[in-house]
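Take a look at the structure below.
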Amino acid sequence: MSDQKYVVVGAGPVGSLAALYAAKRGHDVEIYELRGDLRDPSTTPLNFTRSINLALSERGINAMRHADQQDLIDHVSSATIPMRGRMIHGRRPSGEIFEESQDYDIHGRTIFAADRADLNRRLLDILGAMPNVKFFFNHKLTGADFKRRKAWFEVRGQDSPSGRPEEIEVSFDFMMGADGAHSAVRYHLMKFTRMNYQQEYVDTLWCEFQIKPKEGDELHDQKSKFRISPNHLHIWPGKQFMFIAIPSEDGSFTCTLFLPSSEFAKLESDSSKLPAFFDQHFPGVTSLIEPGELASSFKTNPHLPLISIKCQPYHYSGSAVILGDAAHAMVPFYGQGMNAGLEDVRILFSILDKHATAENNNPDSPGSVDVAFQRGLALAEYSAIRVADAHAINDLALQNYVEMRASVLSLTYRIRKFLEEFMSVHLPSLGWQTKYSRVSFGNERYSEVVAKSNHQGKVLMRGFIAILCSPIVAGVLGLYWTRRRSLGGVSLLDTIRNLRR
Ligand code: FAD
C-alpha cells in the first residue's frame, strides 16, 4: 500500500477507470462525484434521458485491458454488440428507399455498441469491492488550491445551520480531474498554470430518440427483436444534418438527431411538421418510430449543444491533471470522446509507472527522491505527449461530421476507401490503412494517424495525376467527368482535392 492519497473528481467512465488504475497500484483513492450513485436507479445519467449507447473501439478497450481486471474485459465482450460498418439509409431518385452497408474495415474488425451507464456501473462495482477506494457521491468540487493540495466540496442535500450547503475540506497528494466538459478542476487549474484554452460551440444541437424493439410471441431469438440490422451504426445522411441509430442489447436503438440550431428552432415553433421533415430527409424513420412518438421525444428530450474544447497543459506540478472531456471535450462524430478519455488513463499511468520505476532504480538515493517531484516530471511528459494527440482527434471529430452527413455518399470518398483498402490487403508491407481503421482499430498516436493519412492522400493524388496525364486515360476520364458535371456531379478538380484530405 502506498502512502499517497489520490482524489478523483468525477465518477464518469474516465474518472472511474483512472480510480481503478490508481487503486490497483495500491494508492488510497477517494472519488468525489457531483451526482448520486449511478447504480441507484433513480439517478439519471448526465445529459441523457436514459442511458445512451455509444461506440466503443480498440483504444477504449485497450485501456480497460491494461487495467488488469479480467471481469471488466469479460463484461465488455458479453455486454456489447459488434458493429461491422455503417448502414447508409436514403432514397433513390426513383423514390425507392434503400439501405447500403459500408464495412468499416477490410479485415473484418468491428467497433462495439456499448451502454455507457452499464459500463460505468460495472466500473463502480469493481471499485466498490476494493478496500482502498472510498466514494463520495453528491459532492461537488467548488474550490482547489493545488499548491497546498487542498480541495473544497459542497455536500448536496446536507445544509448547514445557515441554510447553505455544507462544505468540506479535503487534502490530497494528487488530484485527477475527470469532471467532464464543464470541468471545475480545469477552471481552478487555470489559476495555477498558464493554461491556453479554446472552446467552440458548433452550430448543431442534438436530441435523442428511440427505436423500440419488435414485440410478439414469434420472436424466438434475441436478434429478431431488432427492426434494423443490429450489427451496423445506422446513418441517415442529410447533407447539412443527420440522424443516427446505435443498437442496444434489448433490441432497441438509441437514435440521435443532429441539426443546426436554426432548423431546431423552425421545428420547435411547429412540431406538427416533424414527421414530414423526417420523411423528406431521413426516409424510412417514420416507419421505425411512430410519428406521435417522434413528436413527443422531440418535445420532451433536451436539445443539447455540442462543444469542442482544446487546452494545454493538462497538469500543474506533481499535484493535478485533467483527463477525458475535462481536457478535450470533442464533438461525437468520430465516436472517440470516451475512447480517447480512457486512452488518456492508460497513457498517463504508463508514464507515471515509468517515472516511479526510475525513482526506485536510482542507486544513489533509492526511495529518497520526492514522489511529488517525480510525479511532476511524469505529468509534464504526459502533457507534452498528449496535447498533440488530443488536438488531433478534436480536429478529426469535427471533420468527420462532414464525412458522416455528406461524404459517405460521394464517389471520391469511395474511391479513396477502395484504394487504401486494396493497398492494405495486396501490399501489406507498405502499411497502408484507412484513417478510420487507424483511429478505431489501432492504438497509434492520433497525431501519427493524421500524418500517415495525409501522406497516403498525397501519394494517391500524385498517382491520380500521373494516370490523368496518360493521353488515353485522360480522354476517357475527360468525357466521363464532363458528362457527370452536366448531370450535377463532382468536378474533376474537387475529386483531386478530396483525395488529398
Ligand atoms: P463525463 O462522462 O462527462 O463524466 C464527468 C463526471 O463528472 C460526471 O459524472 C459529472 O457528474 C461529474 N462532475 C462534473 N462536475 C463535477 C464537480 N464539480 N464535482 C464533482 N463531480 C463533477 N464517445 C465515444 O467514445 N463514442 C461515442 O460513440 C460517443 N457518442 C457520443 C454521443 C453524444 C450525443 C455525446 C454527447 C457524446 C458522445 N461521446 C462518445 C462522448 C462521451 O460521452 C464522452 O467523451 C465521455 O462521456 C466522457 O467521459 P468523462 O468521464 O470524461 O466525462
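These figures come from a predicted structure and were not determined experimentally. Order of appearance sets the numbers: ligands from 1, and atoms from 1 within every ligand.
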For this session: Answer yes if the ring centres of Phe243 and His234 are under 6.0 angstrom apart, and no otherwise.
Result: no

Problem set entry | Contact (N/O only, under 3.5 Å) between Glu33 and ligand 1 | yes

Exercise. Using the benzene-type ring in the case of Trp, are the ring centres of His315 and Tyr382 under 6.0 Å apart?
Worked result: no

Exercise. In this structure, which one of Arg149, Lys147, Arg148 forms a salt bridge (Lys or Arg N to Asp or Glu O under 4.0 Å) with Asp145?
Worked result: Arg148

Exercise. Are the aromatic ring centres of Phe253 and Phe209 under 6.0 angstrom apart?
Worked result: no

Exercise. Can an N or O of Asp325 be found at a distance shorter than 3.5 Å from an N or O of ligand 1?
Worked result: yes

Exercise. Below 3.5 angstrom, do we get any N/O pair linking Leu323 and ligand 1?
Worked result: no

Exercise. N/O of Ala11 under 3.5 Å from N/O of ligand 1, yes or no?
Worked result: no

Exercise. Between Arg122 and Asp71, does at least one N-O distance fall below 4.0 Å, as a salt bridge requires?
Worked result: yes

Seminar exercise, completed: Taking only non-hydrogen atoms of Lys140 and a 4.0 Å limit, the atoms of ligand 1 in range are 18 (N), 19 (N)

Exercise. Taking the six-membered ring of Tyr436, is NZ or CZ of Arg86 closer than 6.0 Å to its centre and within 45° of its axis?
Worked result: yes

Exercise. What do you reckon, does Ala181 have a nitrogen or oxygen under 3.5 Å from a nitrogen or oxygen of ligand 1?
Worked result: no

Exercise. At the 4.0 Å heavy-atom cut-off, does Pro13 count as touching ligand 1?
Worked result: yes

Exercise. Just checking, Arg186 and Tyr197: is the charged tip under 6.0 Å from the six-membered ring centre and within 45° of the axis?
Worked result: no

Seminar exercise, completed: Val9 heavy atoms within 4.0 Å reach ligand 1 at atoms 19 (N), 20 (C)

Problem set entry | Residue from Arg109, Arg65, Arg346 passing salt bridge (Lys or Arg N to Asp or Glu O under 4.0 Å) with Glu58 | Arg65

Exercise. Is His139 in contact with ligand 1, taking contact as a heavy-atom separation below 4.0 Å?
Worked result: yes

Problem set entry | Between Tyr32 and Phe172, ring centroids under 6.0 Å | no

Exercise. Backbone, side chain, both or neither: what part of Phe153 comes under 4.0 angstrom of ligand 1, heavy atoms only?
Worked result: neither

Problem set entry | Pair His281 and Phe277, ring centroids less than 6.0 Å apart | yes

For this session: Between Gln336 and ligand 1, find which residue part has any heavy-atom pair under 4.0 Å and reply side chain, backbone, both or neither.
Result: backbone

Exercise. For Ala55 and ligand 1, does the shortest N/O to N/O distance drop below 3.5 Å?
Worked result: yes

For this session: Just do the salt bridge (charged side-chain N to carboxylate O under 4.0 Å, His left out) check on Glu343 and Arg386 with the steps written out, would you?
Result: CA-CA 10 Å; Glu343 189 180 58; Arg386 198 58 180 158; 2.9 Å; yes

Exercise. For atom 40 (C) of ligand 1, which candidate among Leu54, Asn53, Ile31 holds the nearest heavy atom?
Worked result: Leu54

Exercise. What do we get for Val14 next to ligand 1 when only non-hydrogen atoms under 4.0 Å count, side chain, backbone, both or neither?
Worked result: both

Problem set entry | Distance-only N or O hit between ligand 1 and Leu141, under 3.5 Å | yes

Exercise. Where is the tightest heavy-atom contact between Asp173 and Arg375, given as atom of each residue plus distance?
Worked result: O-NH2, 3.1 Å

For this session: Check whether any heavy atom of Arg116 sits under 4.0 Å from an atom of ligand 1.
Result: yes

Problem set entry | Contact (N/O only, under 3.5 Å) between Asn339 and ligand 1 | yes

Problem set entry | Proximal ligand 1 atoms for Gly324, defined as those under 4.0 Å from one of its heavy atoms | 52 (O)

Problem set entry | Option with minimal heavy-atom separation from atom 5 (C) of ligand 1, where the choices are Gly10, Ser183, Ala178 | Ala178

Seminar exercise, completed: In ligand 1, the atoms that come under 4.0 Å of a heavy atom of Ala184 are 18 (N)

Problem set entry | Cation-aromatic face contact Arg39/Phe135, 6.0 Å, 45 degrees | yes

For this session: Tell me which part of Pro332 gets within contact of ligand 1: side chain, backbone, both or neither, using heavy atoms under 4.0 Å.
Result: side chain

